[in-house]
Amino acid sequence: MNVEEMGFSTRTQNALKRNGIHRMEQLQGLGLSELLSLRGIGVRAAAEIQKKGSAVPRKPTKQELSQFLALKKEAESYQKRLRELEKDTASDPVEMEKIREKCREARMRCLKEIQWLEDFLQTIPDSRLRLIFAKRYLEGKSWQAVAFAIGHYDEQYPRKLHNRYLNT
């Protein structure tokens, strides 16, 4: 995301540009001391950058995106396991509660990651790109099927748009 799109004050925006920072990705991982070491960035500007920078969602990697369907299946399997554990009355109740709690925690981790990926897809500004990502990751379609879904016959077209978006 471009620095101009973030709505920084003019002073902060100009200071970032003078330091050669034009994209928010360049600021990721910078702590307060690193921000303050930039020319023209004071305490107020650093606070503004940190506040607005924390609101910028990180783009997932291709590997994280490709895990979407597996995460859904994993969450479903934990849910099924929890139902089975609820029916089990023969085992030690204290041990069973520990096992159920571990299953709930694992399921919640899966659901949080699924939600994060779905939230990312909703932040994609271009509807064609959203459709590409949805067909590929939410539905698990091949690149050829994705190309057909958006009205193209060459599977390289959606793949190039996809890669270009992830790399910017």
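FYI, the numbering just counts along the sequence from 1.
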Hey, mind stepping through D119 and W116 against side-chain contact (heavy atoms from CB on, under 4.5 Å) and telling me if it holds? CA-CA 5 Å; D119 289 346; W116 174 66; 5.6 Å; no

What distance do [X] atom [atom1] and [Y] atom [atom2] have between them, rounded to the nearest 0.5 Å?
X: M108; Y: L111; atom1: CE; atom2: CG; value: 5.5 Å
X: I49; Y: R44; atom1: CD1; atom2: CZ; value: 14.0 Å
X: R100; Y: E105; atom1: CZ; atom2: CD; value: 13.5 Å
X: E48; Y: I41; atom1: CD; atom2: CD1; value: 8.5 Å
X: H162; Y: N167; atom1: NE2; atom2: CG; value: 9.0 Å

Taking the side chain as every heavy atom from C-beta outward, state whether L38 and R18 have any pair of such atoms under 4.5 Å apart.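 Not in contact.
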
Do [X] and [Y] sit in the same hydrophobic cluster, where Ile, Leu, Val, Met, Phe, Trp and Tyr count as joined when their side-chain heavy atoms come under 4.5 Å apart?
X: I150; Y: F133; answer: yes
X: L69; Y: Y78; answer: no
X: L65; Y: L138; answer: yes
X: L82; Y: L71; answer: no
X: F68; Y: L129; answer: yes

Using every non-hydrogen atom in the two residues, find where [X] and [Y] come nearest and quote the distance to one decimal.
X: Y165; Y: P125; answer: OH-CD, 3.7 Å
X: Q13; Y: F8; answer: OE1-O, 3.8 Å
X: V146; Y: P158; answer: CG1-CB, 3.8 Å
X: R136; Y: K141; answer: NH1-O, 3.1 Å
X: Y153; Y: Q144; answer: O-NE2, 2.8 Å
X: A149; Y: L131; answer: O-CD2, 4.2 Å

Please identify each residue that fulfils side-chain contact (heavy atoms from CB on, under 4.5 Å) with D92, with sequence neighbours left out.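 Checked D92 against side-chain contact (heavy atoms from CB on, under 4.5 Å); matches are V94, E95.
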
Who clusters with M96? Use side-chain heavy atoms, under 4.5 angstrom, across I, L, V, M, F, W and Y, and order the result by chain and number.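 The other cluster members (ILVMFWY side chains, heavy atoms under 4.5 Å, direct or chained) are L85, I99.
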
The test is side-chain contact (heavy atoms from CB on, under 4.5 Å); show your working for D126 and L161 and say whether it passes. CA-CA 11 Å; D126 181 17; L161 291 175; over 6 Å; no

Is it true that, when you exclude R81 itself, more than 12 heavy atoms of the residues, nucleotides or ligands shown sit nearer than 6.0 Å to its CZ?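 For R81, atom CZ is not crowded (no more than 12 foreign heavy atoms under 6.0 Å).
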
Return yes when atom CD of E101 has more than 12 non-hydrogen atoms of other residues, nucleotides or ligands closer than 6.0 Å, and no otherwise.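 Yes, enclosed.
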
Backbone N/O of C110 and side chain of E74: donor-acceptor pair under 3.5 Å: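 A pair under 3.5 Å: no.
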
Can you check whether R39's main-chain N or O pairs, donor with acceptor, with N19's side chain at less than 3.5 Å?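 Indeed, once roles are kept as given, a pair shorter than 3.5 Å links the two residues.
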
Salt bridge or not between R104 and E97? Use side-chain N to carboxylate O under 4.0 Å.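 Yes, charged N to carboxylate O under 4.0 Å.
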
With respect to I132, which candidate in R130, K135, R128 satisfies the side-chain contact (heavy atoms from CB on, under 4.5 Å) definition?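 For I132, the side-chain contact (heavy atoms from CB on, under 4.5 Å) test succeeds with only one of R130, K135, R128, which is R128.
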
